[in-house]
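See below for the structure under consideration.
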Amino acid sequence: MWGFKISLAARRFRCPGCQRSQHPVSAFDRCNSNPYGATCIFCKSAMILADISER
């Protein structure tokens, strides 16, 4: 009933390749392996959601 959704701005992404967190979000980069369309600006890898304990 109270299913809160975290906005895209509140999510924190991390690059699995270089461990950085700077990324643009694009609807053109969305796919099954990258559902949010976030891509690392340094190594161009698909970003993953950072674990809450890493914040």
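Just so you know, these numbers use all the heavy atoms, side chains as well, and skip hydrogens, waters and symmetry mates.
When every heavy atom of Asn32 is checked against every heavy atom of Pro35, the shortest pair comes out as O-CD, 3.9 Å. The minimum heavy-atom distance between Cys43 and Cys40, with the atom names listed, is N-SG, 3.5 Å.
Grouped by direct or indirect side-chain proximity (heavy atoms under 4.5 Å, Ile/Leu/Val/Met/Phe/Trp/Tyr only), Ile48 sits alone.
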Show me the side-chain donor-acceptor pairs of residues 16-27 shorter than 3.5 Å, one per line, residues at least two apart or across chains.
unit_1: Gln19; atom_1: OE1; unit_2: Arg14; atom_2: NH1; d: 2.9
unit_1: Gln19; atom_1: NE2; unit_2: Pro16; atom_2: O; d: 3.3
unit_1: Ser26; atom_1: OG; unit_2: Phe28; atom_2: N; d: 3.1

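Taking the side chain to side chain donor-acceptor pair (under 3.5 Å) definition, one finds that Asp29 meets it with Thr39, sequence neighbours left out.
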